[in-house]
Amino acid sequence: MSIGEAIVHIRGLFKNYDGVEALRGVDLDVYRGEIFGLLGPNGAGKTTLVKILLGLTKRSGGEVSVFGFDPERDPLSVRALVGVVLEETALDIFLTGRENLRMQASLYNVPPKDVERRVEEALSCSRLADAADRLLLHYSRGMRRRMDLAMSLLSNPGLLILDEPTTGLDVSSRRELWLLISDLKKRGVSVMLATHYLEEANNLCDRVCILDHGRVVALGTPEELKREFVGDMYVLTVRFKQAPQLDGAPLPLKAEVSGWEAVFRGPPSKLLETLALLQQSYGGLIDEVVYSQPSLDDVFLRITGKG
């Protein structure tokens, strides 16, 4: 992954609410050009972190900058550079998609000469051009979420913060929104994605941060976290043309043999070594090889103990 400089910089971030520590010494960076996932169980501190980044909540301690601005001291400069899609929508269902965008453009103080161009660009990015002149009353839930996304793009943000953008969507609508988010990255928009859908984070995010009880408990690419926290959960299943005789075979991993099938569990390097040795000694007897890896769900459960 090729990434640029840090556009969000957080060091030693604390937030107390009446003696309750919502954030406890958070350190993290979000880089230009990446999709950054923010994961964690309810109450982990995700929403508090987003509010601090937008200047909506004062921090109790630590350093925070967004595009070089302190959101507490200069929230307007931050909000001019950051688009937000919150879990709750703020759309007028009795206006058309185009009318909603024009109204939002006026709230963003988009220059009048640029309004129509920005509206058309937002409609195109969200794939809503064909429905632009229909009342939102007749939009599906997935289309309304895409309209939320379109509205957040009117200010040409360098960073887009998405808070649970696909909650309540069906599988088809969710995957359509995933494509739009991936397209935004290609257009140069950095994305910070707060989500409960771990499959979503696994498919979209360059790096993920898992918060728990106000602390960063894991940070890295999805693959790095899988190797670090659930490396023993990779599985290699080898099916033979007849019952294998593996007793005493010099393999780095122990086989669980059932009928004509042998199952090996362990880190990827050991599984690859095991497969290479099997192919050398039993290549003519191997019928099928299936490799499976753990998911971010497994990482999440192992780290937090919560589903």
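- Comment: E63 does not engage R11 in a salt bridge, judged by the lack of any side-chain N to carboxylate O separation of less than 4.0 angstrom.
- Here D163 contributes atom CG and L86 contributes atom CG; the two are 6.0 Å apart, rounded to the nearest 0.5 Å.
- Contact check for I210 versus T304: side-chain heavy atoms found under the 4.5 Å cut-off.
- Proximity of I286 to Q279: side-chain heavy atoms (C-beta onward) are separated by under 4.5 Å at one or more points.
- The structure places CG of L81 at 13.0 Å from CG of L160, a figure rounded to the nearest 0.5 Å.
- Judged purely by atom type and a 3.5 angstrom limit, N100 has no side-chain atom pairing as donor or acceptor with the backbone of G97.
- Using a 4.5 Å cut-off on side-chain heavy atoms (C-beta onward), R79 and L56 make contact.
- Remark: side-chain polar atoms of K46 are not paired, donor with acceptor, to backbone N or O of L39 under 3.5 angstrom.
- Judged by distance alone, the side chain of R174 and the main-chain N or O of L169 form a donor-acceptor pair under 3.5 Å.
- V82 places a side-chain heavy atom less than 4.5 Å from the side chain of L54.
- Between P244 and G259, the shortest heavy-atom distance links the atoms CD-O, 3.5 Å.
- L219 and V64 end up in the same hydrophobic cluster when Ile, Leu, Val, Met, Phe, Trp and Tyr side chains are linked at under 4.5 Å.
- In this structure, T166 and W178 approach most closely via the heavy-atom pair CG2-NE1, 4.1 Å.
- Cluster annotation: I35 is not connected to L179 through the hydrophobic network of ILVMFWY side chains, with a link wherever side-chain heavy atoms come within less than 4.5 Å.
- L278 places a side-chain heavy atom less than 4.5 Å from the side chain of L246.
- A salt bridge between K226 and E223 is present, with a side-chain N of the basic residue lying under 4.0 Å from a carboxylate O of the acidic one.
- Only one option out of I181, L296, L162, L193 pairs with E200 in a side chain to side chain contact (heavy atoms under 4.5 Å, CB included); it is L193.
- Ionic pairing of R127 and E176 is not present here: no N-O contact between side-chain nitrogen and carboxylate oxygen is shorter than 4.0 angstrom.
- In terms of heavy atoms, A201 sits closest to V208 at CB-CG1, 4.1 Å.
- Between R239 and D287, no side-chain nitrogen of the basic residue sits less than 4.0 Å from a carboxylate oxygen of the acidic one, so the salt-bridge criterion is not met.
- Looking only at side-chain heavy atoms (C-beta outward), R187 and C125 come within less than 4.5 Å of each other.
- Note on R102 versus E116: salt bridge recorded, some NZ/NE/NH1/NH2 to OD/OE distance being below 4.0 Å.
- Counting non-hydrogen atoms of other residues, nucleotides and ligands closer than 6.0 Å to CZ of R117 gives a total above 12.
- Shown here for L53 and V78, the closest heavy-atom pair between the two residues is O-CG1, 3.4 Å.
- Rounded to the nearest 0.5 Å, atoms OG1 (T221) and CD (E228) are 10.0 Å apart.
- Tracing side-chain contacts under 4.5 Å through hydrophobic residues (I, L, V, M, F, W, Y), one reaches L136 starting from L154; they form part of the same cluster.
- By the 6.0 Å contact criterion, CD on Q245 is open, its count of non-hydrogen atoms from other residues, nucleotides or ligands being 12 or less.
- Within the 4.5 Å cutoff, the side chain of K185 has no heavy atoms near those of the V191 side chain.
- The pair E256-R265 meets the salt-bridge criterion, since a charged nitrogen lies less than 4.0 angstrom from a carboxylate oxygen.
- Separating the CG atom in N16 from the OG1 atom in T48 is a distance of 10.5 Å, to the nearest 0.5 Å.
- The environment of CG in D133 is crowded: more than 12 heavy-atom neighbours from other residues, nucleotides or ligands sit within 6.0 Å.
- A salt bridge does not link R215 with E21: every distance from a Lys NZ or Arg NE/NH1/NH2 to an Asp or Glu carboxylate oxygen is 4.0 Å or more.
- Formation of a donor-acceptor pair under 3.5 Å by the R145 side chain with backbone atoms of P165 is found in this model.
- Between the side chain of Y139 and the backbone N or O of A131 there is at least one donor-acceptor pair closer than 3.5 Å.
- For the residue pair E164 and H196, a side-chain donor N or O sits within less than 3.5 Å of a side-chain acceptor on the partner.
- T274 places a side-chain N or O within donor-acceptor distance of the main-chain N or O of K270, the cut-off being under 3.5 Å.
- Here the shortest heavy-atom pairing between G158 and F67 reads C-CZ, 3.7 Å.
- Using a 4.5 Å cut-off on side-chain heavy atoms (C-beta onward), S295 and E199 make no contact.
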Working for side-chain contact (heavy atoms from CB on, under 4.5 Å), residues I93 and R144: CA-CA 9 Å; I93 61 173; R144 292 184 188 183; 3.9 Å; yes
side-chain contact (heavy atoms from CB on, under 4.5 Å) evaluation trace for Y17 with T57: CA-CA 11 Å; Y17 290 106; T57 297; 3.6 Å; yes
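- Between the side chain of D212 and the backbone N or O of A44, no donor-acceptor pair lies under 3.5 Å.
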side-chain contact (heavy atoms from CB on, under 4.5 Å) evaluation trace for M147 with L128: CA-CA 8 Å; M147 178 54 64; L128 285 171; 3.8 Å; yes
Derivation and outcome, side-chain contact (heavy atoms from CB on, under 4.5 Å), residues L275 and F264: CA-CA 9 Å; L275 180 58; F264 302 87; over 6 Å; no
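- Expressed to the nearest 0.5 Å, how far OG1 of T96 lies from CG of L137 amounts to 12.5 Å.
- Salt-bridge check for R59 with D70: passed, with a basic side-chain N closer than 4.0 Å to an acidic carboxylate O.
- Using modelled atom types, one finds no donor on one side chain facing an acceptor on the other under 3.5 Å when comparing Y31 with R207.
- When all heavy atoms of S152 and Y108 are compared, the pair lying nearest together is CA-OH, 4.0 Å.
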